[in-house]
Amino acid sequence: MLTIIDYNAGNLTSVRLAFEALGAEAKVVSDAAGVAAADRLVFPGVGAAAAAMDNLRRAGLDTAIRAAIAAGVPFLGICLGTQILFERSDEDGGTETLGILPGTVRRLAPTGPRAKIPHMGWNQAIIRKKHPVLDSIRDGSDFYFVHSYYVAPANGADILCETEYAGQTFTSAVARGNVVATQFHAEKSGRTGLRLLENFLRWDGKEPEQC
Amino acid sequence: MLTFRIIPCLDVRNRRVTKGVKFQNNIDLGDPVEMAARYYEDGCDELVVYDITASAERRPIDIGIVRDVASVVRIPFAVGGGISSLDDMRRVLLAGAEKVSVNSLAISNPQVIADGAKAFGSQCIVLGMDPVRTPDLEKFPSGYEITARGFRVRTGLDAVEWAKRAADLGAGEIVVNSVDADGTRAGFDLEITRKIADAVGVPVIASGGAGKPEHLDAAWRDGHADAAIVAGMIHTGEWTVSGIKAAMRGVPLRRT
């Protein structure tokens with residue numbers, strides 16, 4: 001069964017509703033045992049990194065998430081959940097995060113007259129490698145974004161999608177082993193987003209060989 | 001490239017969508033949930049739902065509508081009207097809305113913007129404002145004064161000053177709804193839209209006056225807006241969201 005991790009970082013309603021619209025039974029858990037029992041995990045989140053890390057540690061969820069990922073459970077990060085998977089974030093004066101993926105999280109630095117922060121709205125995901133969660137998704141499809149920070153993976157091979165915003169190209173999705181993580185909100189990205197979530201539900205957690 | 005958003009607005013009164021000119025002469029246009037689903041299927045980028053009688057009737061927002069809309073659309077939507085506390089905001093967000101819109105409440109109690117942004121994040125807090133053109137440039141340097149309570153009350157606030165203050169307090173987005181243009185379908189008030197879009201670092205949504213696709217082109221090009229609200233032009237069936245997008249020129253749009 002699909003398990004959504006609740007660590008008091010934003011609103012999970014739209015994530016749950018999107019999976020329910022696909023006919024999936026979604027269970028929301030907020031304790032380490034719930035994460036340990038899961039066979040498919042979604043790690044959403046909106047808000048600030050430091051408060052989110054405090055919540056995770058207090059509930060022992062940091063350890064449980066590391067264990068689940070090490071065990072090969074198909075894992076989907078969304079927005080703040082994606083950022084927290086990396087080593088550290090510049091947010092809140094510098095925050096140590098989970099360190100499951102190599103790289104850091106930095107503040108967007110858009111330029112030009114329309115350079116607003118947060119980056120909010122629909123923007124295109126340029127696909128950088130093949131992956132089962134992107135099955136039937138056209139290169140350049142629009143997804144819904146709302147964020148002020150972005151992930152900068154240390155390992156270029158982890159980059160799944162990139163997106164351009166006001167003169168800056170940033171990583172908008174990553175994939176490594178059984179982890180897929182997006183900066184955009186597939187749960188609010190219309191039919192294209194539903195397709196990605198449906199692909200995730202079917203995915204066995206194995207990354208295909210790249211050619 | 002970030003695309004320009006087209007946002008249908010549903011003014012709900014007694015569970016029906018209505019449309020009036022300058023908040024008067026409201027006529028029945030249909031069921032809000034059915035209309036939300038139709039616009040979503042047709043490619044709108046976001047929605048806004050206002051419970052327009054909640055404040056006047058001193059009752060909380062109709063949460064059933066929020067829940068029903070959330071069950072049929074998979075895009076962000078904002079909800080306004082009848083929000084009077086952080087608890088109201090929380091109920092709306094937990095029912096599936098992405099954003100809450102505050103207007104008169106924020107004028108009487110600006111701190112609610114900061115409190116909402118702290119509790120839920122700036123991206124959840126939309127400031128709606130209803131500026132009206134004024135010749136009194138001494139008191140209102142932007143040439144526009146903010147009105148409240150459905151245009152009925154003059155607030156003494158300069159529109160650009162209020163927008164900057166709201167953004168500083170934590171509003172994540174500002175809807176500029178021109179009193180002069182509202183319901184006319186003669187085009188947005190590009191002057192105040194641009195003044196505010198250029199003055200604040202958060203996205204600005206043009207509102208009031210959309211009648212043709214060219215008006216949306218102008219909102220982006222000359223109004224410097226990030227998004228535009230459409231209502232009458234699609235509610236009457238004269239235009240569809242996909243038809244508007246097909247007719248727009250020179251504006252980056254989401255293709256579905």
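Sequence lines set the chain letters: A, B, ... in the order given, protein chains first and strands last, and positions in each chain run from 1.
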| task | Apply side-chain contact (heavy atoms from CB on, under 4.5 Å) to N199(A) and I137(A), showing your working. | result | CA-CA 10 Å; N199(A) 290 339; I137(A) 291 176; 4.3 Å; yes
| Interface moiety of H185(A) toward chain B, non-hydrogen atoms closer than 4.5 Å | neither
| query | Do R90(B) and D87(B) sit within salt-bridge range, that is, some charged N less than 4.0 Å from a carboxylate O? | reply | yes
| query | Can you find a pair of side-chain heavy atoms, one from K245(B) and one from I6(B), that are under 4.5 Å apart? | reply | yes
| D226(B), L253(B), L93(B): which one forms the most heavy-atom pairs within less than 4.5 Å of chain A? | L93(B)
| Do the charged groups of E41(B) and R191(A) touch, with an N to O distance under 4.0 Å? | yes
| Is chain A contacted by the side chain of A119(B), its backbone, both, or neither, given a heavy-atom distance below 4.5 Å? | neither
| Under 4.5 Å from any heavy atom of chain B - which part of I117(A) | backbone
| note | Given L94(B), V200(B), D198(B), the one with more heavy-atom pairs under 4.5 angstrom with chain A than any other is L94(B)
| field | Heavy-atom contact with chain A under 4.5 Å, split by part of A117(B) | value | neither
| Looking at P118(A), S14(A), G190(A), which has the largest count of heavy-atom pairs under 4.5 Å with chain B? | G190(A)
| Side chain / backbone / both / neither for R5(B) at chain A, heavy atoms under 4.5 Å | side chain
| task | Identify the residues of residues 2-13 of chain A whose heavy atoms come closer than 4.5 Å to a heavy atom of chain B, ordered by number, or report 'none'. | result | N11(A), T13(A)
| remark: The interface call for K99(B) against chain A, heavy-atom contacts under 4.5 Å, is side chain
| note | One option among P252(B), G201(B), A97(B), G121(B) has the most heavy-atom pairs under 4.5 Å with chain A, and it is G201(B)
| task | Give, as side chain, backbone, both or neither, the part of E187(A) having an atom under 4.5 angstrom from any heavy atom of chain B. | result | backbone
| request: Mark yes or no for whether S142(B), through its side chain, and Y144(B), through its backbone, hold a donor-acceptor pair below 3.5 Å. | output: yes
| Is the backbone of V15(A) close enough, under 3.5 Å, to the side chain of K188(A) for a donor and an acceptor to pair up by distance? | no
| said: Do R255(B) and W122(A) form a cation-pi contact, if we require the NZ or CZ to be under 6.0 Å from the six-membered ring centre and within 45 degrees of the ring's axis? | reply: no
| Hey, would you say the H119(A) and F145(A) ring centroids sit under 6.0 Å apart? | yes
| E98(B), part contacting chain A, at a heavy-atom distance under 4.5 Å | side chain
| request: Take atom CD of E25(A) as the centre, draw a 6.0 Å sphere, and report whether it contains more than 12 heavy atoms from other residues, nucleotides or ligands. | output: no
| request: Go through the steps for F184(A) and H147(A) under the test ring-ring contact (aromatic ring centres under 6.0 Å, His included), then give the verdict. | output: CA-CA 8 Å; F184(A) 50 77; H147(A) 63 120; 9.8 Å; no
| field | Pair N123(A), Y144(A): side-chain N/O donor-acceptor within cut-off below 3.5 Å | value | no
| task | Could you check which of G96(B), P76(B), A197(B) has the highest count of heavy-atom pairs closer than 4.5 Å to chain A? | result | P76(B)
| Centre of F200(A)'s six-membered ring, under 6.0 Å away, within 45 degrees of the axis: is that where NZ or CZ of R40(A) sits? | yes
| field | Region of Y40(B) that comes under 4.5 Å of a non-hydrogen atom in chain A | value | side chain
| said: Consider side chain to side chain contact (heavy atoms under 4.5 Å, CB included). Of V174(A), V151(A), I100(A), which one does L85(A) pass it with? | reply: I100(A)
